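Remember, it's a predicted structure, so these values are computed and weren't measured experimentally. Both ligands and their constituent atoms are indexed starting at 1 by order of listing.
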Amino acid sequence: MKTALKTSNPVRLATDCLVIAVGAKSKLSEEANEIDKASGKRLSSILSNGDFDGSLGSTLLLHGLTGIKAKRVLLVGCGELTKLSLKEAKKLLAGVAKALLASQAKDAHLALASLELAAADHYWLAERIAQEFVEASYSYSTTKSSKAKQTSLKSVSLAAPKGTSKAKIDAAYARGIATGRGINRARELGNLPGNICTPTYLAKQAVDLAKGKRNLSVKVLSEKQMARLGMGSLLSVSAGSSQEAQLIVMEYKGAKVKPKANRPAPHMLVGKGITFDTGGISLKGGLAMDEMKFDMCGAASVIGTMAAVVEMALPIDVVAIIAAAENMPSGKATKPGDVVTSMSGLTIEILNTDAEGRLVLCDALTYGERYKPASVIDVATLTGAAVATFGSHVSALLSNDDALAAELTDCGNLSLDQVWQLPLHDEYQHLLDSNFADIANIGGPRAGTITAACFLSRFTKKFKWAHLDIAGSAWNSGAAKGATGRPVSLLLEYLRRKAA
Ligand code: BES
Ligand code: MN
Ligand code: ZN
């Protein structure tokens with residue numbers, strides 16, 4: 001999809017579809033007013049019939065307006081027409097994207113220069129437009145016989161207030177497109193069934209992403225290599241599966257360094273990639289177990305983010321580590337009560353084989369120490385307790401560094417991919433005490449999201465670390481079942497700030 005900045009008068013703009021804002025009670029925006037005048041008050045008379053109430057994000061497609069150059073006009077409701085919050089702006093743009101993609105228009109112009117945002121500028125708006133369009137153009141069809149039909153829309157232009165920089169708008173569009181594509185990549189990986197998206201499949205996706213890219217390299221560690229490194233915890237999870245676990249390491253070197261100068265420390269992302277979680281010997285109940293194919297959404301979001309980092313050519317170094325495995329029961333599976341030794345040397349009593357995410361993550365985190373990272377963020381569909389606490393709107397955030405937590409919270413607010421911090425207080429740590437090992441892999445029935453993070457905190461003492469539990473936000477259940485691609489936009493906002 002192409003995008004461009006156009007500043008000419010909406011009345012004289014030749015386009016397949018002109019998008020203009022109309023508020024509640026038929027209150028016209030500046031641009032809508034111009035169209036109304038040029039078309040001999042047709043807009044006012046259409047609105048007076050009451051078919052369109054101007055509620056936020058609602059749309060109405062109009063044909064046959066005379067006196068203007070545009071073929072169609074799409075009205076979009078913007079509520080009270082006052083300063084829009086970021087969430088309101090997103091809702092409006094999502095409505096526009098949905099209506100335009102459903103139409104036959106090949107190009108569209110968004111005459112929204114007069115739109116006022118409470119907490120952002122038109123660069124944010126441009127980025128968000130691009131992201132919403134790319135996101136709205138995704139639908140899952142890979143394992144269906146009938147493929148999704150291509151949309152007609154090829155380009156979208158935007159009007160912006162006087163003084164807006166064309167170069168900065170272009171850069172914002174490019175960021176939005178890369179973000180949308182990263183999100184869609186994560187959604188697709190999440191949506192693929194567990195019999196296709198195996199640990200080996202995930203590894204191949206990462207390897208393919210690096211093909212032909214000078215600044216991205218990928219290595220994949222086999223079970224044999226992991227055994228040599230002492231990753232007894234990670235390997236205990238894949239023990240029951242015929243699918244081999246894979247430790248996928250992606251290294252992006254984007255930092256601009258002078259010859260002979262040291263490279264800056266990389267930022268690190270770590271993803272939980274359980275391609276199917278049956279619970280293992282601590283087998284889950286059957287209800288909605290199919291949704292445990294989404295248990296690799298942390299890994300998917302890390303791959304999607306890396307793809308976007310490469311596309312944006314961010315001038316920083318980023319290392320991504322994905323712990324990919326399948327959690328299955330079998331004669332070879334790990335049993336409750338088994339004790340394993342992690343790569344860090346800490347022994348772990350596995351009291352519940354369904355608490356497998358932390359078991360793969362801890363060895364991935366220890367492996368990450370060798371990069372001496374400037375910050376580490378792990379992303380995981382880790383606990384049902386996070387779903388119980390937050391539902392689907394925010395991801396849980398826990399961190400050993402308050403500044404990092406505050407920064408991520410801020411990034412979440414701007415990218416509308418929100419997080420909420422939970423306490424990682426020392427008082428919770430004793431819940432992981434074990435009679436038979438250094439640490440147990442579960443902390444009992446209470447404070448499940450916190451005790452899971454406490455477990456991980458034992459392996460993150462050497463760096464600034466934040467943990468995102470995306471169990472509630474990574475996918476939708478019910479009729480709209482499918483991966484959301486979160487928290488790709490949050491991670492990209494964070495990495496972008498590191499690059500600034
Ligand atoms: N992948 C699940 C967490 C999960 C459950 C995410 C439901 C989304 C929806 C994880 O591996 C798990 O099973 N966690 C257990 C931990 C418990 C045994 C301490 C849980 O939350 O029940
Ligand atoms: Mn589990
Ligand atoms: Zn799991």
Side-chain angles (χ1 to χ4, degrees), residues 190 194 197 199 202 233-234 236-241 243 245 270-301 322-329 333-338 348-364 378-396 398 422 428 431-434 439-456 467-478 481-484 486-487:
C197 187
L202 278 181
S233 182
L234 192 157
S236 76
V237 174
S238 60
S241 170
Q243 298 289 336
V270 178
K272 170 179 173 182
I274 299 298
T275 58
F276 198 85
D277 180 13
T278 64
I281 296 298
S282 313
L283 194 64
K284 287 185 181 293
L287 198 72
M289 208 212 267
D290 66 289
E291 296 188 10
M292 282 300 117
K293 73 172 184 179
F294 294 119
D295 211 17
M296 35 57 70
C297 281
S301 75
I322 286 157
E326 191 184 61
N327 188 20
M328 294 286 280
T334 300
K335 307 169 293 299
D338 285 1
I348 302 166
E349 184 186 15
I350 300 176
L351 288 171
N352 189 319
T353 63
D354 198 9
E356 84 297 339
R358 60 199 82 181
L359 295 174
V360 297
L361 288 172
C362 70
D363 280 341
D378 82 74
V379 193
T381 49
L382 208 61
T383 62
V387 190
T389 307
F390 291 120
S392 54
H393 296 302
V394 305
S395 308
L398 298 102
L422 291 176
Y428 293 97
L431 292 168
L432 297 171
D433 289 350
S434 158
I439 180 176
N441 81 324
I442 55 169
R446 306 164 72 194
T449 304
I450 296 173
T451 54
C454 283
F455 180 93
L456 296 177
H467 162 61
L468 298 175
D469 192 333
I470 58 165
S473 58
W475 74 89
N476 296 315
S477 308
K481 194 193 287 181
T484 61
R486 289 177 67 182

Report task. Give a yes or no on whether a salt bridge exists between Lys272 and Asp295, defined as a side-chain N under 4.0 angstrom from a carboxylate O. Result -> yes
Query raised in the report: Between Leu361 and Phe455, is a side chain to side chain contact (heavy atoms under 4.5 Å, CB included) present by the stated rule, with each step listed?
Result: CA-CA 10 Å; Leu361 288 172; Phe455 180 93; over 6 Å; no
**Report entry** Any side-chain donor near an acceptor of the partner, Thr334 and Thr353, under 3.5 Å
**Finding:** no
Requested in this report: Report the distance from atom CD1 of Ile274 to atom CG of Leu359, rounding to the nearest 0.5 Å.
Outcome: 8.5 Å
Report summary line: Residues passing the ring-ring contact (aromatic ring centres under 6.0 Å, His included) test with Phe276, sequence neighbours excluded, are none
Requested in this report: Please determine if the Mn ion (ligand 2) has an N/O/S atom from Asp277 lying under 2.8 Å away.
Outcome: yes
Query raised in the report: Under 4.5 Å between any side-chain heavy atoms of Ser236 and Asp338, yes or no?
Result: no
Tabulated below should be the N or O atoms of ligand 1 paired with protein N or O atoms at under 3.5 Å; can you produce that?
residue  : atom   : partner : partner atom : Å
ligand 1 : 1 (N)  : Lys272  : NZ           : 3.4
ligand 1 : 1 (N)  : Asp277  : OD2          : 3.3
ligand 1 : 1 (N)  : Asp295  : OD1          : 2.9
ligand 1 : 1 (N)  : Asp295  : OD2          : 3.0
ligand 1 : 1 (N)  : Thr381  : O            : 3.3
ligand 1 : 11 (O) : Lys272  : NZ           : 3.2
ligand 1 : 11 (O) : Asp277  : OD2          : 2.9
ligand 1 : 11 (O) : Asp354  : O            : 3.1
ligand 1 : 11 (O) : Glu356  : OE1          : 2.8
ligand 1 : 11 (O) : Glu356  : OE2          : 2.9
ligand 1 : 13 (O) : Lys284  : NZ           : 2.9
ligand 1 : 13 (O) : Asp354  : O            : 3.0
ligand 1 : 13 (O) : Asp354  : OD1          : 2.8
ligand 1 : 13 (O) : Asp354  : OD2          : 3.2
ligand 1 : 14 (N) : Leu382  : O            : 3.4
ligand 1 : 21 (O) : Gly384  : N            : 2.7

Query raised in the report: Do His467 and Leu382 come within less than 4.5 Å of each other through their side chains, counting heavy atoms only?
Result: yes
Query - Thr275-Gln243 side chain donor-acceptor pair, cut-off 3.5 Å - result: no
Report task. Provide the full list of salt bridge (Lys or Arg N to Asp or Glu O under 4.0 Å) pairs with a residue in residues 273-289, sequence neighbours left out, each pair given once. Result -> Asp277-Lys284, Lys284-Asp354
Query raised in the report: Which is the closest N/O/S atom of Glu356 when seen from the Mn ion (ligand 2)?
Result: OE1
Report task. Find the distance between CG (Leu422) and CZ (Phe390) and round it off to the nearest 0.5 Å. Result -> 4.0 Å
Requested in this report: Keeping waters out of it, list the protein N, O or S atoms under 2.8 Å from the Zn ion (ligand 3).
Outcome: Lys272 NZ, Asp277 OD2, Asp295 OD2, Glu356 OE2
